[in-house]
Amino acid sequence: QLQLVESGGGLVQPGGSLRLSCAASRFTLDAYTIGWFRQAPGKEREGVSCISDRGITNYVDSVKGRFTISGDNAKTTVYLQMNSLKPEDSAVYYCAAAWRSYRVSCPLTAGPYTLWGQGTQVTVSS
């Protein structure tokens with residue numbers, strides 16, 4: 001069974017950093033677009049960042065300059081480096097895979113993503 005497994009969440013003070021990992025189980029990520037989404041209590045799910053099979057990246061405005069998405073050379077893990085964290089970044093973070101290739105920009109909407117991980121909690125608080 002194909003799976004995505006997130007890790008790296010936790011409690012961090014404002015201004016701190018975390019690195020989230022999205023590991024693929026039983027497949028490699030080289031043919032897929034991977035997205036990171038988050039959902040805070042009482043709020044809708046929000047697309048945070050994505051990286052296409054061609055290495056094209058995209059970010060929601062609120063995280064530009066603070067978050068960086070990348071993939072490992074083995075094409076099995078995608079990372080989300082989160083710096084200068086703010087309380088409003090607190091949420092459950094999910095990674096998801098889309099079996100599509102994007103030439104210009106990858107989507108931050110959930111529709112194209114069909115395989116989802118279980119999520120990892122990020123809490124930014126003093």
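None of the values given here were measured: they were computed from a predicted structure.
Counting non-hydrogen atoms of other residues, nucleotides and ligands closer than 6.0 Å to CZ of Arg66 gives a total above 12. Heavy-atom contacts from other residues, nucleotides or ligands closer than 6.0 Å to CD of Glu44 number 12 or fewer.
Connection of Val78 to Leu4 is established within a shared hydrophobic cluster, with ILVMFWY side chains joined at heavy-atom distances below 4.5 Å, either directly or through further cluster members. A continuous path of Ile, Leu, Val, Met, Phe, Trp and Tyr side chains, each step under 4.5 Å between heavy atoms, connects Leu20 with Ile34, placing both in one hydrophobic cluster. Linking ILVMFWY residues whenever their side-chain heavy atoms come closer than 4.5 Å, directly or via other members, places Val48 and Val12 in the same cluster. In the hydrophobic cluster analysis, where Ile, Leu, Val, Met, Phe, Trp and Tyr join through side-chain heavy atoms closer than 4.5 angstrom, Tyr94 is grouped apart from Phe27. Grouping the Ile, Leu, Val, Met, Phe, Trp and Tyr side chains by contacts below 4.5 angstrom, directly or via other members, places Leu115 apart from Val92.
In terms of heavy atoms, Ser125 sits closest to Pro14 at C-CD, 3.6 Å. Minimum heavy-atom separation, Ala98 to Pro112: CB-O, 3.3 Å.
Evaluated for a side chain to side chain donor-acceptor pair (under 3.5 Å) with Tyr93, the options Arg38, Glu6, Gln121 yield exactly one hit, Arg38.
We find the OG1-CG distance between Thr77 and Asp72 to be 4.5 Å, quoted to the nearest 0.5 Å. For the atom pair Cys50 SG and Ile69 CD1, the distance stands at 6.5 Å (nearest 0.5 Å).
Side chain of Ser90 to main chain of Val124: a donor-acceptor pair is present (N/O by atom type, distance under 3.5 Å, no hydrogens or angles). Within the 3.5 Å criterion, the main-chain N or O of Ser7 finds no donor-acceptor partner in the side chain of Thr120. A side-chain donor-acceptor contact under 3.5 Å links Ser49 to the backbone of Asn58.
Under the rule for a side chain to side chain donor-acceptor pair (under 3.5 Å), the partners of Ser101 that lie at least two apart in sequence or sit in another chain are Asp53, Arg54. Shown here are the side-chain contact (heavy atoms from CB on, under 4.5 Å) partners of Ala110, two or more places apart in sequence or in another chain: Phe37, Arg45, Trp116.
Looking only at side-chain heavy atoms (C-beta outward), Tyr113 and Pro107 come within less than 4.5 Å of each other. In this structure the side chain of Leu108 never reaches within 4.5 angstrom of the side chain of Tyr59, judged on heavy atoms.
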query: Passes side-chain contact (heavy atoms from CB on, under 4.5 Å), Ile56 versus Tyr102? Steps please.
result: CA-CA 8 Å; Ile56 297 167; Tyr102 294 91; 5.6 Å; no
message: side-chain contact (heavy atoms from CB on, under 4.5 Å) for Asp89 and Phe67? Distances and angles first, verdict last.
response: CA-CA 11 Å; Asp89 294 318; Phe67 290 11; 4.0 Å; yes
query: Does the pair Glu88 and Ser62 meet the rule for a side-chain contact (heavy atoms from CB on, under 4.5 Å), with working shown?
result: CA-CA 10 Å; Glu88 51 264 43; Ser62 61; over 6 Å; no
task: Verify side-chain contact (heavy atoms from CB on, under 4.5 Å) between Val60 and Trp36, making sure each step is shown before the conclusion.
output: CA-CA 10 Å; Val60 67; Trp36 281 98; over 6 Å; no
What donor-acceptor contacts under 3.5 angstrom involve side-chain atoms of residues 79-86, with partners at least two apart or in another chain?
unit_1 : atom_1 : unit_2 : atom_2 : d
Gln81  : NE2    : Asn83  : OD1    : 2.9
Asn83  : OD1    : Ser17  : OG     : 2.9

